Amino acid sequence: MLDVRHCATLAEAAGIVSGDRQAVLLGGGTLVMRDVNEGRLTEGTLLRVTDPVFRRIEAGGGRIELGAGVTMGMILANRDLAFLHAAARAIGGPAVRNMASVGGNLFAASPYGDFTVALLALDAQVVVQAGFGSGRAVPLEEFLAARERSGPALVTAVQFSRPSNPGEFHFRKISRVRPKGISVLSIAAHLPQSGGRMAQVRVAYGAMAPTPIRARGVERALEGKSLDAGAIQMAKQAALEGCRPATDAIASEWYRREVLPVHLGRLLAGDGR
Amino acid sequence: MAKIPVQFRLNGSDRAAFVDAPETLLNTLRRGLGDFAPKYGCGQGACGVCTVLIDGEPHLSCLTLSVACEGKRIETASGMADGPDLHPLQAQFMEHFAAQCGFCTPGMLTVARALLDRNPNPTRDEVIEAISGNICRCTGYEPIVAAILAAAGSPGMRRSEGGRHA
Amino acid sequence: MLEMRKDLFADERDDNLNVIGKGLQRQDMPGHVTGLTRYFDDHAFEGLLHLKVVRSPHASARIRSIDVAAAARAPGVRRVLRAADVPVNRNTLLSLIGFGKDDEPSLAVDKVHYKGEPVVAIIADSEAQALAAKKLVRIDYEPMPAVFDVEEALKPGAPVVNETYSANYFEYHERFDHQKLRFGDVERALASADMVLEHRYQMSPIEHAPTETNGSIAAPEQNGRFVVHSCAQGLFFALGTAAKIVALESNRLHFIGGTVGGGFGGKVDSLTEPLAVLGAMVTGKPVRFVLDREEEMLYGSPRGAERIYIKDGLMRDGRLIARHIRSYFDAGAYTRLSSYAAIKCTAHLPGPYWIPNVASDVHVAYTNRCPSTAMRGFGITAVDFALEVQMDRLAEAAQMDPMEFRLLNAYRDGDMKPHRRKASNTALIECVQVAAEKANWPISEQGKRQSSLTGGGVGERGQIPATVLDARGQIGRPETRNSGPTQTLPAGSSRIAPSKQPVMEGARDGRAAPAQVPRYEAARPAAAPLSPPPYQPAPSPYQPVTGQQPPPYQPPPAPPATAAPVQTQHGAVRFSSVFGRRR
Ligand SMILES: Cc1cc2nc3c(=O)[nH]c(=O)nc-3n(C[C@H](O)[C@H](O)[C@H](O)COP(=O)(O)OP(=O)(O)OC[C@H]3O[C@@H](n4cnc5c(N)ncnc54)[C@H](O)[C@@H]3O)c2cc1C
Ligand code: FES
Ligand code: FES
């Protein structure tokens, strides 16, 4: 039978995760509890972390830290995180957002994981206290690459730098149902400009591979350029580099490949959908 | 396995229940405490018919552990009317024919209530956003949106307990 | 939003309406908005048990063995049910009105015929315990070939889906392999049409997706009765079905329902009631059987898939002179209500248009897919979609405005339908006129003046045409269900000598065609047949304005009065498709 344990500190939770292979960390539970309800998860221990640090937001300065238990609703209620509101609002409806956590989103299987796409374009680091990479801040890209292979983990927080100009950070989720629907794909882009040219460009996709991925071809096409029609054209041509989208109930692989360059072009050009 | 005691406020009254460790709030409310307003529609978070307010904010009770609700303020559609007086949202749902089979109605009323508590005069787009996690298979949503807009700004709107304390 | 058009059909309506056209509060609305409405699941019972079923992971397989020992010992499990525990483990829904053979078990016996078919039921103290015990049931399957396409299923050598109907089609009245409609001479009309258009249409299964999933609670009551809270859309249908399957007198079942959290046709199959009642009988406790969302979406029966071929003969001036339809309903693995869908479909053809020559063959085919059932206009919705898309294509071919094209071909009061009944209360013309007006779609002045009340039933439009027997004698046959082969034959036909091999459309090589079907063949004309005169369509009451000037219509020379080489059937044979009786 399934048991539930409440952990008052992160250290306690980390200890259980390292020792008990049947322990399942519970964030908001929006994915875990479905497995419970449908009888896929009938054995083991659900771990509930009640440590306030787990749900802490530090967003006052240039370096931002979000506790893994922070919900999309909490991000939306925080003015310092306005540049992330579009990404947080992309997750489900209001009730899901009051529950869905940043940590859980890192583990959500494609086509979920929209918030993680935004974090990837912000060059975020993942703080792990048990499991893969524990004791250090792991680059998100590395964390995602190891996600399926590594066993149980406890993520405590994510960290990233605030974009110096929030207007240079863009997020777009493409879905078929308005206003809410699961992603056909999502795109996040951080396009810092200096002297009219882009530098340190980072672009990431959701639902274009088994995990959120970086769009390296696009980053290369844009780096050092000014954001004009020519650069956008080059970016669109490189858009599909590294993509391995799936065919699922939301869209076919073919459809995702067809529409990605279109939406990327619109995002870069600042056009509406 | 031993049952676990949980206490919370339900629609303004103190209630207690003995629950299984992985039991959902939806099950505790319905089977334990006899509040049948929140419904089971999917158990996946997809339909919203189980929506309740926890401390004034909408949550999916089918995905919430009862043991995590200790000491919280929980409100359901059963607690919206003030004695015999309907909440303005309830009155406008009736007026606008915003329920057909009625199965989505408690959830719709609950998210609408949370919206109006926070934002007494929402725009149409804000209303649509507020009900976007709730599925209605019958009405086509338009009457529901109309009812919520009509209720907005009504005098005598009773705020949710959680909303008042938040 | 609501608009009463009192200008239309004004003299057909009494204007003293005191409900229609007025707002009226629904009696169930106060319950809905207060959360007080009680659906089937909103009832508290002491000691409530929960039933879950183990479903087949295969679309087609033989069951080698079932081991429930570990599941029966699992914590909280009260009872495990298998096929042998079901008193009458074979049923078909419409058996309650004597239509169709029992073909579907409540729990699979030795084979499974679709992915998701229930095999074992577990009754436990909690849902979680029932779900955990499900994982302990060991079933050894031997996968078998499956067929998923309606036309493939009807081919010789296709895997047998449903042993009760081993040729993979529903047998109407235990002998006919499809529903047939014949009116006039479609072949001849197609041959003389200016254009012939043929297209294939297909619709996928559609899930009703009600917000409330299918379910029921059954509980022992005093006096040896059982109370059943049910979501059934047809409460007494569910009662009768459950009574039959659990072998109880129906007065020992007390069904309570009528409050349904969305049905749309998906709650007529009694998917849960029989096992819930059986569970209450064997445990003496209240038993709740509710489908979860995944089960509802995957295994709650959908609106069935359909494939439809339409072939139309069109004159250059826009008149539709022939329509031939061949269509296949995908019943899935068991009949449920598909047999009825094909009847409704046939009754609906050829759509709301007067067409002097109509032929249709509508088949119900079994495949290894989830059984399909009723859904909002089932039998009609898909074919209507196909027909209207086809109408747009025809209008384009005739270079006519699609609205004008429909005005031209619409039924009018008094027109003879292929079912040998006169059309009445027709209103397509007025619908098109109002729709055009609302959509600001320009139609001609002449089109605006048309009326369903005039021009119908005139001349050929009101008559039953000579209806040919084809070479195989295929035609709407007279009653065959309850009587022997001594019948009055249609004019101009004679019965095939018993020694002759019966030929049946739809019979397939290598398969026995259903026996004992009376056959008719054309009486051989004494003289060599003259070549048949070209079909001459009747003039329409409406000469529409076409996009281009059509070539002036040249009426063919009048047929010689003596020419009658094609054998025909006259007169109306009224045939009730369900009961097989003349009405
Ligand atoms: C109706 C609905 C709509 C949704 N729409 C979207 C959407 O649009 N976009 C989207 O991206 N997602 C969507 N989701 C999926 C999901 O809600 C989100 O991805 C959410 O962020 C998951 O977080 P959670 O806290 O609820 O995860 P949980 O269910 O709590 O956990 C998910 C997984 O992550 C693990 N986990 C959680 N936290 C940690 C941690 N701190 N350390 C280690 N492991 C952890 C859990 O053990 C589990 O394996 C939707 C879900 C639903 C039900
Ligand atoms: S039952 Fe909770 S969201 Fe559907
Ligand atoms: S009224 Fe039936 S689901 Fe909304």
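Note that the structure is a prediction, hence the values are computed from the model and not measured. Reminder, nothing fancy here: chain letters follow the sequence lines and each chain counts from 1.
Rounding to the nearest 0.5 Å places CZ of C/Arg26 at 6.5 Å from CD of B/Gln100. Note that CD of C/Glu127 is 8.5 Å distant from OG1 of B/Thr24, once rounded to the nearest 0.5 Å.
Interface remark: C/Thr211 contributes backbone and side-chain atoms alike to the contact with chain B (heavy atom separation under 4.5 Å). For C/Glu296, no part lies under 4.5 angstrom from a heavy atom of chain B. Contact of B/Ala81 with chain C is not made at all, since no heavy-atom distance falls under 4.5 Å. Contact of B/Leu86 with chain C is made through the side chain alone, with heavy-atom distances under 4.5 Å. Of the atoms belonging to C/Leu48, it is side-chain heavy atoms, and not backbone ones, that fall under 4.5 Å from chain B. Both the backbone and the side chain of B/Ile135 come within contact range of chain C, each with at least one heavy atom under 4.5 Å from a heavy atom of that chain. Interface remark: B/Asp35 contributes no atoms to any contact with chain C (heavy atom separation under 4.5 Å). Heavy-atom distances place both the backbone and the side chain of B/Met94 under 4.5 Å from chain C. With a threshold of 4.5 angstrom between heavy atoms, C/Pro30 approaches chain B through its backbone and through its side chain.
The local environment of NZ in C/Lys134 is crowded, with over 12 non-hydrogen atoms from other residues, nucleotides or ligands closer than 6.0 Å. Dense packing is recorded around CD of C/Gln25, with more than 12 heavy atoms of other residues, nucleotides or ligands lying under 6.0 Å away. Heavy-atom neighbours of C/Glu207 CD from other residues, nucleotides or ligands within 6.0 Å: above the threshold of 12.
Using a 4.5 Å heavy-atom threshold, the side chains of B/His87 and C/Val33 count as separate. A 4.5 Å side-chain heavy-atom check between B/Phe97 and C/Met29 finds at least one atom pair inside the cut-off.
Contact count versus chain B (heavy atoms, under 4.5 Å) is highest, among C/Ala128, C/Ala44, C/Ala209, C/Gly262, for C/Ala209. For the set C/Asp28, C/Leu291, C/Asp41, C/Thr37, the entry with the most heavy-atom pairs within less than 4.5 Å of chain B is C/Asp41. For the set C/Glu294, C/His43, C/Met297, the count of heavy-atom pairs under 4.5 angstrom toward chain B peaks at C/His43.
Shortest non-hydrogen contact noted between B/Cys138 and C/Phe264 is SG-CZ, 3.8 Å. Here the closest non-hydrogen pair linking C/His32 and B/Thr105 is O-CG2, 3.6 Å. Shortest non-hydrogen contact noted between B/Pro106 and C/Gly35 is CG-CA, 4.5 Å. Between B/Arg31 and C/Arg288 the shortest heavy-atom distance is NH2-NE, 3.8 Å. Of all the heavy atoms in C/Tyr39 and B/Phe103, the pair that sits closest is OH-N, 3.2 Å. Residues B/Cys101 and C/Gly261 approach most closely at SG-C, 3.6 Å, considering heavy atoms.
Remark: side-chain polar atoms of B/Arg137 are not paired, donor with acceptor, to backbone N or O of C/Glu212 under 3.5 angstrom.
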Problem set entry | Derivation of the side-chain contact (heavy atoms from CB on, under 4.5 Å) call for C/Asp292 and B/Tyr40 | CA-CA 9 Å; C/Asp292 72 18; B/Tyr40 167 86; 3.2 Å; yes
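At a heavy-atom separation below 4.5 angstrom, chain C is approached by B/Cys42, B/Gln44, B/Val49 within residues 42-52 of chain B.
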